[in-house]
Amino acid sequence: MASGKGRKANPEGRMPLLEHLRELKNRLIKAAIGVAIGTVGGWFLYDPILVQLQKPVENISHLTGGTSSVNFSTIASPFDFKLQLAIQIGLVISSPVWIYQVWAFIMPGLTVKEKRYTLGFMVAAVPLFLAGVWVGWMVTPQVVRALTQFTPAGFSNIIDGREYVDFVTHMLLFLGFAFLVPVILVGVNMAGVLPGRTILKAWRITVFLVFVLAAIAAPGADAISMFMLAVPLLALFFAAIGVCMVNDRRRARRIEKHAAETDATADTPTPRSDLENL
């Protein structure tokens with residue numbers, strides 16, 4: 001792996017462990033700075049986003065006839081709540097930064113072609129991550145409504161603020177990372193670690209897990225909402241498999257071509273003048 005300026009491979013094409021650790025530290029520092037800057041932006045976006053997060057909870061009272069609210073159980077909870085939510089918002093805002101740092105470390109950057117791969121992965125990963133977060137934001141009110149519809153009439157829902165923000169942000173980030181899985185599969189395949197046929201063998205368990213995720217994230221009364229969430233995830237997964245298998249064929253052709261050229265060079269007869277010099 002090599003993407004930083006100071007990363008040099010030895011004659012065998014391998015990186016010393018110390019160089020890997022130094023590069024990892026640099027990438028983590030840059031990613032942390034990006035998240036910190038995003039957190040500052042999240043601090044100022046806290047109030048409008050919190051208003052939107054409160055709406056599903058406020059609607060519970062109309063269904064049950066009781067009280068429903070997000071509760072702060074300690075004196076310091078409001079500050080902790082705002083800081084935690086600001087960090088989560090910062091993760092989303094800074095996603096172009098830390099996604100690039102991850103790919104810049106994972107993908108080898110020794111050649112111009114490999115650097116194009118890294119840039120291509122970043123360009124694909126950022127919109128997919130943000131799309132997953134947006135899907136999570138859209139289905140969160142449905143999930144809250146589905147999980148709280150079992151509240152008996154006249155009872156109240158006093159929800160702890162920390163638990164509520166954990167629930168919402170974990171769902172958003174989980175769906176965001178779920179949309180990143182196809183890009184990760186393609187990257188691992190291009191690195192030569194995982195063949196496309198190996199990924200394809202796991203299609204049954206993948207389809208099952210995707211529909212389980214869709215059923216949890218969009219538990220509507222009918223199956224339409226579940227399929228609307230599952231179909232894009234499956235389309236991305238199988239598209240990634242297609243890209244991996246095409247890349248495997250290209251790699252196999254390059255290996256065959258190189259082997260043929262090597263054999264042709266080995267079979268070339270030595271010129272008579274060279275034999276006389278020996």
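Just so you know, residue 1 is the first one in the sequence shown, and it goes up from there.
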Drop me the distance from [X]'s [atom1] to [Y]'s [atom2], to the nearest 0.5 angstrom.
| X | Y | atom1 | atom2 | result |
| --- | --- | --- | --- | --- |
| Gln84 | Thr39 | CD | OG1 | 11.5 Å |
| Ile89 | Lys82 | CD1 | NZ | 10.0 Å |
| Ile49 | Trp137 | CD1 | CH2 | 5.5 Å |
| Phe129 | Leu172 | CZ | CG | 9.0 Å |
| Arg27 | Arg22 | CZ | CZ | 14.0 Å |
| Leu28 | Glu23 | CG | CD | 10.0 Å |

Tell me whether [X] shares a hydrophobic cluster with [Y], the cluster being built from Ile, Leu, Val, Met, Phe, Trp, Tyr side chains joined at under 4.5 Å.
| X | Y | answer |
| --- | --- | --- |
| Val126 | Leu180 | yes |
| Val183 | Trp203 | yes |
| Ile33 | Ile87 | no |
| Leu83 | Leu91 | no |

Please work out which of the three classes, parallel, tilted or perpendicular, describes the rings of Phe177 and Trp98, given edges at 30° and 60°.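 Ring orientation, 0 to 90° scale: tilted.
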Looking only at non-hydrogen atoms, find the nearest pair between [X] and [Y] and report the distance.
| X | Y | value |
| --- | --- | --- |
| Ala86 | Gly42 | CB-C, 3.8 Å |
| Gly34 | Ser94 | O-CB, 3.2 Å |
| Leu185 | Cys244 | O-SG, 3.8 Å |
| Phe179 | Leu236 | CD2-CD1, 3.8 Å |
| Met245 | Leu200 | SD-CD2, 4.2 Å |
| Pro182 | Ala178 | CD-O, 3.8 Å |

State, with a plain yes or no, whether a side-chain heavy atom of [X] is found less than 4.5 Å away from one of [Y].
| X | Y | answer |
| --- | --- | --- |
| Leu85 | Trp43 | no |
| Leu175 | Val133 | no |
| Leu45 | Ile93 | yes |

Derivation of the side-chain contact (heavy atoms from CB on, under 4.5 Å) call for Phe238 and Val207: CA-CA 10 Å; Phe238 285 106; Val207 171; 4.2 Å; yes
Asp47 vs Val51, side-chain contact (heavy atoms from CB on, under 4.5 Å): CA-CA, chis, key distance, verdict: CA-CA 6 Å; Asp47 289 332; Val51 170; 5.7 Å; no
Step through the shown structure and confirm whether more than 12 heavy atoms of other residues, nucleotides or ligands are within 6.0 Å of CH2 on Trp134.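 12 or below, so no.
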